[in-house]
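Contents: one structure, followed by commentary.
Since the structure is predicted, the reported quantities are computational estimates derived from the model, not experimental observations. Sequence lines set the chain letters: A, B, ... in the order given, protein chains first and strands last, and positions in each chain run from 1.
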Amino acid sequence: MSCTHITIPIPKAFSFRAVVHSHGWSDLEPFAVSDDDTELRTVVSLSPNRHAQVAVSHPRGSTALTVRCNTPLRRNDRETARRIVRSMLRMDEPMDELHALCRKEERLQWIPQMRAGRMLRSATVFEDIVKMICTTNCSWSLTKIIVNRLTNTLGTRVTDTVHSFPSPDAIADRTERWLRKETSSGYRAPYLLELSRRIASGNLSVEHLRTTKMPADEMHKFLRSIKGIGHYAADNLMKLLGHYDYLGLDSWIRSRYAEIYNHGRPVSDSAIEKRYRRYGKWRGLVCWLDMTSEWHQ
DNA sequence: GCGTCCAGGTCTACC
DNA sequence: GGTAGACCTGGACGC
């Protein structure tokens with residue numbers, strides 16, 4: 001099959017592997033990681049009806065990422081694919097300030113050493129919001145089931161085995177009953193439906209959130225106004241939008257924190273917040289990295 | 001194989 | 001502003 005190769009120069013303090021394993025997103029379709037852990041695959045939308053599978057890797061010793069597309073791309077398409085990959089891998093976000101902060105503490109020194117801090121996000125804000133709703137109040141295995149069923153039943157077929165993430169229109173066209181039955185999304189189905197229908201009808205816009213200058217508290221309030229997005233989901237979506245001053249505590253973080261800092265005994269949210277307050281606007285990201293340090297080392 | 005219980009975050013109603 | 005109860009599913013467990 002003919003395909004297109006694109007290269008993207010990597011910024012300083014960037015680790016491809018650290019972004020891919022920054023959180024669970026690479027485990028949710030259409031994301032996939034190759035068996036040898038060197039390639040991240042997903043599907044990007046070049047225009048409303050045209051999709052391409054991209055496979056991103058960082059060849060050893062190279063100063064650029066390689067992006068392999070499963071289809072020949074025109075010049076404009078190559079630029080679109082490059083822009084989306086840069087955005088997903090957070091390649092335009094400087095980490096200097098965070099890394100300087102972390103160098104001051106022995107426990108956090110691995111962060112600049114591993115060039116960690118960038119959190120993988122989906123090709124679109126819509127995809128991130130849907131996936132975040134699918135992480136609420138359920139096990140990770142159920143999250144995977146819901147997202148994978150949404151993708152494989154409502155996404156566009158890109159290869160024999162790969163589908164794009166569904167568009168808002170594709171979800172909006174279904175009924176709540178269908179979503180409950182076919183995706184196991186349960187009571188989350190009306191939330192997914194309302195979000196998709198509002199976007200499909202033009203009554204709600206979310207894609208601008210990655211580039212807007214909207215103040216963080218206003219953006220958080222905006223996210224909270226979406227049905228199905230509570231404190232946990234809004235806090236964590238903020239991280240994917242480049243704002244790190246919200247902790248996004250969930251049962252896993254509370255338990256992990258208790259394990260690391262309190263011999264497994266429960267700790268109040270306010271005590272967790274107090275510990276990370278000193279990291280200012282980076283506190284949410286420092287908290288997440290501190291809790292997941294074992295994933296990287 | 002079947003029934004029961006549990007974990008998980010958000011919404012709504014109520015105080 | 002805080003709290004209780006309902007929502008729904010997969011998985012663990014006991015029988």
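- Between A/Asp290 and A/Arg275 there is no salt bridge, since none of the side-chain N atoms of the basic residue sits less than 4.0 Å from a carboxylate O of the acidic one.
- A heavy atom lying under 4.0 Å from DNA chain B marks the following residues of residues 228-244 of chain A, by number: A/Gly228, A/Ile229, A/Gly230, A/His231, A/Tyr232, A/Ala233.
- A/Thr124 and A/Ser122 form no side-chain donor-acceptor contact under 3.5 Å, judged by distance and modelled atom types alone.
- Interatomic distance, NE2 of A/His220 versus CD1 of A/Ile229, reported as 10.0 Å (0.5 Å rounding).
- Contacts of A/Leu249 with the nucleic acid, taken as non-hydrogen atoms under 4.0 Å apart, are absent.
- Between A/Glu194 and A/Arg197 there is no salt bridge, since no side-chain nitrogen of the basic residue lies less than 4.0 Å from a carboxylate oxygen of the acidic one.
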Please write out each protein N/O paired with an N/O of nucleotides 7-10 of chain C under 3.5 Å, distance rounded to 0.1 Å.
unit_1 : atom_1 : unit_2   : atom_2 : d
C/dC8  : OP1    : A/Arg180 : NH1    : 2.5
C/dC8  : OP1    : A/Arg180 : NH2    : 3.1
C/dG10 : OP1    : A/Ser184 : OG     : 3.1

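- Close placement of the A/Trp288 and A/Trp295 rings is indicated, their centers lying within 6.0 Å of each other.
- Salt bridge absent: A/Arg188 and A/Glu176 never bring a charged side-chain N and a carboxylate O closer than 4.0 Å.
- Atom CG of A/Asp269 and atom P of C/dG1 are 17 Å apart (whole Å).
- Between A/Met132 atom CE and B/dT10 atom C1' the separation is 15 Å, expressed in whole Å.
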Practice task
Go through the steps for A/Ser87 and A/Arg121 under the test side chain to side chain donor-acceptor pair (under 3.5 Å), then give the verdict.
Solution key: CA-CA 8 Å; A/Ser87 171; A/Arg121 60 187 178 191; 3.3 Å; yes
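- If you take CZ of A/Arg224 and C1' of B/dT12, they are 13 Å apart, rounded to a whole angstrom.
- In this entry the distance linking CZ of A/Arg256 with P of B/dG8 reads 15 Å, nearest Å.
- Side chain to side chain, A/Asp245 and A/Trp282 fail the donor-acceptor criterion of an N or O pair below 3.5 Å.
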